[in-house]
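Here's the structure, in structure tokens; my notes come after.
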2 protein chains.
Amino acid sequence: MSKPTIYSIAQRCGVSAATVSRVFNRPELVSTRVREQVTAVARELGYLPNPAARGLVTGRAETIGLIVSDITNPFFPLLVRSIQRTAERMGSSVMLVDAEESAAAEVRHVARLRGRVDGVIVASPRSSSAALREAAKGLPCVLLNRPLRDLSSVICDNTSALFDAGEHLHKHGHRSFALLAGPSASWAAARRSQAIRGWARGRGVELTELGPFRATFKGGRQAGAALLETGATAAFAFDDLTACGVLAELAGRGVAVPGDRSVVGCDDVLLARTVTPSLTTVTAPMDDLGATAVQVLTRQIEAPGGAPEHHRLPGVFVARDSTGPRSTS
Amino acid sequence: MSKPTIYSIAQRCGVSAATVSRVFNRPELVSTRVREQVTAVARELGYLPNPAARGLVTGRAETIGLIVSDITNPFFPLLVRSIQRTAERMGSSVMLVDAEESAAAEVRHVARLRGRVDGVIVASPRSSSAALREAAKGLPCVLLNRPLRDLSSVICDNTSALFDAGEHLHKHGHRSFALLAGPSASWAAARRSQAIRGWARGRGVELTELGPFRATFKGGRQAGAALLETGATAAFAFDDLTACGVLAELAGRGVAVPGDRSVVGCDDVLLARTVTPSLTTVTAPMDDLGATAVQVLTRQIEAPGGAPEHHRLPGVFVARDSTGPRSTS
DNA sequence: AGAATTCATGCAATCGCTTTCATTGTTCCT
DNA sequence: AGGAACAATGAAAGCGATTGCATGAATTCT
């Protein structure tokens, strides 16, 4: 009693395999009577179509690849969830690959996934533009948080939210700021720095640039130490993880937040709410980001060679407890 | 110029497709001359074997499924990484599915994965034993952190590490403890509670049981509030996330940690190091857990119907800053 | 030298499904 | 009633690999 196939079902129903296949793919082409019988027998036998066989003829794997630069980064879990959920709704599974921070691993994995997936989403790629372009050649691909002319991309733009953050601090009396820059290879870091610079210039306030720092807790501690050597009363951290490091460093040196200094993070990861004081930060629209990426990818898959799409989703400023009035001392 | 197949290569080399296939699968059966020529042409044409076609005949997908109960739980990222890394080393890809905390989704996904994967790993399942058994019927399956007689399992046993934690607190003068229990559906929670109860009884110290609390930051805050109503000077939180909630609640009420109370977490997730004070906790051997799970699964796949294996990996106690001497006040 | 092995290769079946095309009845027009 | 249009189905050709069996050549043995 081996695995049921369309043939076992066909035989049991006294019809041809073609008809059974049609019951599942183009049911409207089959008479009601036969359709019901086939469905019943299929259920009874516990029939499941063989994806390999189907894939072989359709050329589709009904699977998309998701390459994340670093699964341990708290930024990703919600993104993964959203992507997976959307993909499932479109009938696709998700193959997840963690590049462990390595640019080489990224392109290697894109190559490996080729053939097993219908397309890939590369989240926060570390690779060079040229490498990405090359790796994605002939494979539907969507970049997340990394714009590139010839490849589709979905990015979270925090520019205006960071403006809001600046205004928020300015309203609280802050006039001297520090920018704790993130890793230089990261597009997001560059973009955020640029936004903050722009705001500070427009506002005519003092801005001290520090870094780049690694986007880790430790990097944050270093950033915190560096911050204390400046006269800045408020700091923009690259992301929440870094901000947590800053908080820890300041706390360790007896500097009160937001009493003595204000700190804002970015991304609004779980951490941001659980740390004390809770982080003022910028919320990324994770669900949208993931859903959009999958939809764009689906379009690319269905119309290969179509023009790349570029989507830009804004982050939203959210004030919590790590920012407050400038200390009067 | 369509996708290269073994036929295009065979033609170009003046050999049969079977030979080309052998070059990749049983190279020792092919003469050096032909082998080299085929390899060269394959490379030149950018040939990649079609996994669907291969899978159709071999019956293997070279893919394993990984179902996690909740991808947003900080416990998982490192586990996912380790599993993925190990799987890749064995030549398999990983299909990740997030059950979003739903027991129903778990078994639904196991069913969906059937046929697309060679086997599945279910991490911290929420489903009932019966449901799991049923869902895994005829599909190689390894349970993570959930023992079940008829299915293979790999679990992290924190019993002895929690003993160490107890001793550590005892040495610091604590005599009255609180157990902040985790969700009742979680095997890990039950196991940990049991361990702590056992230790307290053996030590002859006072133990107040509170909860169950949800394994979230909020649940932790509630646990923290409940803790303050007891006379306990030290508390065992279910996990690090809960412990963070406790910390936050205590901090909010002006209770010093470890000055007034000591708190220990469990799992040693990223959070544990980034929170202030850093958490005394129990480190789970993530790499081992993941690697073992994949190896066991591989064995199950290669010898279907083999006896289930059960592995138990111990956690390790690690003292940090959230525990200290009992307050003298 | 002739038989027996061994080696390298090709032929062809097969995996389970989709899909085109042809073949039946049926129904509908005029 | 005769032919057109249509609905339901089957036969068969792939999709791209793997693999058991057969074959012919080269090597070894006696």
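Values below: every heavy atom of this structure, side chains too, minus hydrogens, waters and symmetry copies. Protein chains get the first letters and strands the later ones, always in sequence-line order, with residue 1 at the start of each.
- Comparing A:Val15 and B:Ala52 by the nucleotide of DNA chain D that holds the closest heavy atom to each, the one mapping nearer the 5' end is A:Val15.
- Of the side-chain N and O atoms in B:Ser21, none sit less than 4.0 angstrom from OP1 or OP2 of D:dA17.
- Within the nucleic acid shown, A:Pro49 comes within 4.0 Å of sugar-phosphate atoms alone, with no base atom in reach, counting heavy atoms only.
- Atom P of nucleotide C:dT18 and atom CD of A:Glu62 are separated by 11 Å, given to the nearest angstrom.
- Note: A:Leu96 CG to B:Gln84 CD = 6.0 Å, rounded to the nearest 0.5 Å.
- No engagement by A:Phe24 is indicated, since no non-hydrogen atom pair under 4.0 Å with the nucleic acid exists.
- Distance, A:Ile6 CD1 to D:dG14 C1': 13 Å, rounded to whole Å.
- Relative to the side chain of B:Ala18, the nucleotides C:dC11, D:dA17, C:dC15 differ in distance, and C:dC11 lies closest.
- The distance from atom CG of B:Asn25 to atom C1' of D:dT19 is 10 Å, rounded to the nearest whole Å.
- Residue B:Arg22 has its side chain nearest to C:dG10 when only D:dT18, C:dG10, D:dG16 are considered.
- The listed nucleotides are D:dA11, C:dG10, C:dG16; the one nearest the side chain of A:Asn50 is C:dG16.
- Using a 4.0 Å heavy-atom criterion, one finds that B:Gly14 contacts the sugar-phosphate atoms exclusively.
- A straight line from NZ of B:Lys3 to C1' of D:dA17 spans 16 Å, rounded to a whole angstrom.
- The shortest distance between side-chain heavy atoms of B:Met90 and B:Leu297 does not fall below 4.5 Å.
- If you check every strand for non-hydrogen atoms under 4.0 Å, A:Val30 touches sugar and phosphate atoms only.
- Here the C1' atom of nucleotide D:dT18 and the CG atom of A:Leu56 are 12 Å apart, to the nearest Å.
- If you take CZ of A:Arg33 and C1' of D:dA7, they are 14 Å apart, rounded to a whole angstrom.
- The shortest side-chain heavy-atom distance between A:Leu143 and A:Pro125 falls under the 4.5 Å cut-off.
- Across C:dC11, D:dT18, D:dT9, the shortest atom-to-atom separation from the side chain of A:Val34 is found for D:dT9.
- The side chain of A:Tyr47 lies closest to C:dC17, out of D:dG16, C:dC17, D:dT19.
- The separation between A:Ile9 atom CD1 and C:dG16 atom P is 12 Å, rounded to whole Å.
- Put simply, B:Thr5 has no side-chain N or O that comes within less than 4.0 Å of OP1 or OP2 on D:dG16.
- Taking every side-chain heavy atom of A:Ala53 into account, C:dC17 is the closest of D:dG16, C:dC17, D:dA11.
- Here the side chains of A:Arg299 and A:Val296 are in contact, with some heavy-atom distance below 4.5 Å.
- A:Ser31 has a side-chain polar atom (N or O) that falls below the 4.0 Å cut-off from OP1 or OP2 of D:dT9.
- In this structure, B:Thr19 reaches the C:dG10 phosphate: one of its side-chain N or O atoms is under 4.0 Å from OP1 or OP2.
- Nearest nucleotide to the side chain of A:Thr58, out of D:dG10, C:dT18, D:dA17: C:dT18.
- Atom CG in A:Leu79 sits 8.5 Å away from atom CG in A:Asn145 (nearest 0.5 Å).
- Of the listed nucleotides (C:dT9, D:dC15, D:dA8), D:dC15 has the atom at the smallest distance from the side chain of A:Val57.
- Of all non-hydrogen atoms in B:Ile83 and B:Gly290, the two that sit nearest each other are CG1-CA, 3.6 Å.
- When the P atom of C:dC17 is taken as reference, atom CG of A:Leu48 falls 10 Å away, rounded to whole Å.
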